[in-house]
Amino acid sequence: MSIDLQTVKKIASLSRISVTEDEAQAMVPELNNILGFVEQLGEVDVTGVEPMTAVIPNTLRLRDDVVTDGNVREKVLANAPQAEQGFFAVPKVIE
Amino acid sequence: MTNLTDLTVAEIRDGFRAGDFTAREVAEGFNANVAAAKALNAFIVKTPEHALAAADAADAARTSGDLKPLSGVPIGMKDLFCTNGVQTTAASHILEGFVPTYESTVSGKLWDAGAGMLGKLNLDQFAMGSSNETSYFGNVISPWKRNDGGNAALAPGGSSGGSASAISARLCPAATGTDTGGSIRQPAAFVGISGIKPTYGRCSRWGVVAFASSLDQAGPMARTVRDNAIMLEAMAGFDPKDSTSLDLPVPAWEQSLSSDLKGKRIGIPKEYRVDSMPAEIDALWEKGIAFLNDAGAEIVEVSLPHTRYALPAYYIIAPAEASSNLARYDGVRFGQRELPDGAGLQDMYAATRAAGFGPEVKRRVMIGTYVLSAGYYDAYYTQAQKVRTLISRDFDRAWESCDLLLAPTAPSAAFALGEKQADPLAMYLNDVFTVPASLAGLPAMSVPGGLDAQGLPLGLQIIGKALDEQGVLNAALAIEERAGFTARPEKWW
């Protein structure tokens, strides 16, 4: 498997990270190098092996479906780059 | 009079209780050391007033008899733990200026135990790195120097390199670390201190900036095994806010410390003897075997056949989880925002993340995105998760013939800053001995074993069964007592 420039650009776009042409070109050998390394996993016979989901056996707990805090709007918005009238503000999405 | 900043956590706790000195004197001593150590760049934010307030509370408590386990002890907090009212950045630009309005469970427990905070410690950006060269706030420098007459600035290890550097240089007696693939153990080894990653689930991940959720685990770092036990007791415990938190009581690890290993079998994993291993690391390992033998343990060879696949599995699983966890950094709710002229929402996300993430973080997010993307998910991610099952089974089989494992912590002593920066893959290979235990969620500890020919510390690693922190601490104590490691960096900063 070899990653080309177009693939790097596609991954960058899926990752929501803008890259310049130069940056994308520099990433081609870097990402190929790392993927080349991890590809040795293909050698391992995993017939009948379940993928690990929980590293330490633990039961997933459920809690009552109730509000545990609430009324903390100021705290929630305290770090917003832009907050208006009690909401997070973002650039216009629909023209 | 004793220099208070040379004391261990236990010595500070006990001396303060006995009235040998006040908590304020201790806090002032460490605050002064922190202020004078700018050259190490171990702290992103200093909080001398927090340390003094906790000290004053401790001094008041001593007269009223209302003492807590860590009363009088100031510590450093890795800047991956959210601290209420104190900037928390994970050493990233994207979180620069972020001031949490809540406290992580682990840091909250430490303050409840009476500890004071000297400041927020530098780290590899989002805990991604093994050298502390990926922080937005500059490299952390190890206080150690090679004895070759050169003056190369050395890496303190990563990602908890700020914690490691600060403890080694006596800027704090103990600190928090987090370990995803070795980020407590490798830096501890590089600067000649101890650190334990407990069983996955022992310490709550709530309020800790997430890197790879199935691997991340908080733990303490300090100069002695006893201090690690004291710190871990304060940090561990069930937290309903973390769904992976283990609902188990916290054992009295400090009280049960014992270096008598009679009846214990120590496994030596033969696959850890990699071809390129320096002779010094091999010699250190032999020394560790002799120490444990002397403590009464029986040494047996064991096999962990899938060891060589741990690192490639890790470098799929960790980036995959990181790509998902770091999706929350989009410039909407907190942190930095980049809004180019005329940009829409998608452009804002992409520009914010491009400006806010460093190169190593981008690399890992993109690798993670790739291995999780349509068409590659099964070939990479599912395959890695299956290999992870096999690695975990290797350990389960090993426990049929031994109680604990002994291995080196890292394949070399600390390297110079910049030495491995050009080749991400060479950097990743540093974690070869620490990653397998992380993948299996097992408790593992690094303890100093000696110095190499250049006068740099080397660490030995003990890996235990799930929930057997006591066994790990006890074997580490046996090594500590026999290694007699007293070396410390000569002050140049």
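Every chain is numbered from 1 and lettered A, B, ... according to where its sequence line falls, protein lines coming before strand lines.
Of the atoms belonging to A:E30, it is side-chain heavy atoms, and not backbone ones, that fall under 4.5 Å from chain B. Contact annotation for B:M366: both backbone and side-chain heavy atoms come within less than 4.5 Å of a heavy atom of chain A. Heavy-atom distances place no part of B:N84 under 4.5 Å from chain A, backbone and side chain included. For B:L95, no part lies near chain A; criterion is any non-hydrogen pair under 4.5 Å. With a threshold of 4.5 angstrom between heavy atoms, A:T68 does not approach chain B through any atom at all. For B:F357, the part sitting under 4.5 Å from any heavy atom of chain A is the side chain, from C-beta outward, and nothing else. Proximity to chain B (any heavy atom under 4.5 Å) is shown, for A:A12, by both the backbone and the side chain. Both the backbone and the side chain of A:N33 come within contact range of chain B, with heavy atoms under 4.5 Å apart. For A:V8, the parts lying under 4.5 angstrom from a heavy atom of chain B are both the backbone and the side chain. Contacts of B:Y428 with chain A are made by side-chain atoms alone, with heavy-atom separations under 4.5 Å and no backbone atom involved. Residue A:F37 touches chain B through both its backbone and its side chain, counting heavy-atom pairs closer than 4.5 Å. In this structure, chain A has heavy atoms under 4.5 Å from both the backbone and the side chain of B:R308. Using a 4.5 Å cut-off between heavy atoms, B:A379 does not touch chain A at all. When heavy atoms are compared at a cutoff of 4.5 Å, A:L60 approaches chain B solely by way of its side chain, counted from C-beta outward. At a 4.5 Å heavy-atom cutoff, the contact between A:A89 and chain B is made by backbone atoms alone.
Under a 3.5 Å cut-off, the side chain of A:R61 and the backbone N or O of B:D242 do form a donor-acceptor pair. Side chain of B:Q125 to main chain of B:T134: a donor-acceptor pair is present (N/O by atom type, distance under 3.5 Å, no hydrogens or angles). Judged by distance alone, the side chain of B:Q217 and the main-chain N or O of B:C203 form a donor-acceptor pair under 3.5 Å. Panel note: side chain A:E23, backbone A:T20; a donor-acceptor pair is recorded below 3.5 Å. The closest donor-acceptor contact from the side chain of B:R353 to the backbone of B:L326 lies under 3.5 Å.
Contacts with chain B were tallied for A:I34, A:D45, A:L14; A:I34 has the most, counting heavy-atom pairs under 4.5 Å. If you tally non-hydrogen atom pairs under 4.5 Å between each of A:Q40, A:Q82, A:E43 and chain B, the highest count goes to A:Q40. Across B:A440, B:S392, B:S214, B:G201, the residue that shares the most heavy-atom pairs under 4.5 angstrom with chain A is B:A440. Ranked by heavy-atom pairs under 4.5 Å with chain A, the first of B:P319, B:A313, B:G97 is B:A313. Contacts with chain A were tallied for B:P312, B:G344, B:S323; B:P312 has the most, counting heavy-atom pairs under 4.5 Å. Ranked by heavy-atom pairs shorter than 4.5 Å toward chain A, the options B:L439, B:T244, B:I367, B:T352 are led by B:I367. Between chain B and the residues A:I56, A:T59, A:V76, the most heavy-atom pairs under 4.5 angstrom are made by A:I56. Options A:V19, A:V49, A:V72, A:T7 differ in how many heavy-atom pairs under 4.5 Å they form with chain B, and the most are formed by A:V49. Contact count versus chain B (heavy atoms, under 4.5 Å) is highest, among A:E74, A:E50, A:R63, for A:E50. Your options are A:P81, A:A26, A:A83, and the one with the most heavy-atom pairs under 4.5 Å with chain B is A:P81.
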Legend entry - Pair B:K386-B:L390, side-chain contact (heavy atoms from CB on, under 4.5 Å): steps then yes or no: CA-CA 7 Å; B:K386 288 179 178 175; B:L390 293 173; 6.0 Å; no

Legend entry - side chain to side chain donor-acceptor pair (under 3.5 Å) assessment of B:Y329 paired with B:Q336: CA-CA 9 Å; B:Y329 304 105; B:Q336 299 292 311; over 6 Å; no

Legend entry - B:L467/B:L248 under side-chain contact (heavy atoms from CB on, under 4.5 Å): CA gap, chis, key distance, verdict: CA-CA 10 Å; B:L467 305 178; B:L248 294 170; 3.7 Å; yes

Inset, instruction - Mind running side-chain contact (heavy atoms from CB on, under 4.5 Å) on A:E84 and A:L77 for me, showing each step along the way? - result: CA-CA 9 Å; A:E84 281 171 21; A:L77 293 173; over 6 Å; no

Legend entry - Intermediate values then yes/no, side-chain contact (heavy atoms from CB on, under 4.5 Å), B:K241 and B:S204: CA-CA 8 Å; B:K241 288 191 278 195; B:S204 170; 5.7 Å; no

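The aromatic rings of B:F334 and B:F98 sit tilted relative to each other, their planes meeting at an angle between 30° and 60°.
Ion pairing between a basic and an acidic side chain is recognised when a charged N comes within 4.0 Å of a carboxylate O; A:E21 and A:K9 show such pairing.
Within the 4.5 Å cutoff, the side chain of B:F211 has no heavy atoms near those of the B:N325 side chain. In this structure the side chain of A:E39 reaches within 4.5 angstrom of the side chain of B:Y380, judged on heavy atoms.
Looking at B:D431 and B:Y315, their side chains do bring a donor and an acceptor atom within 3.5 Å of each other.
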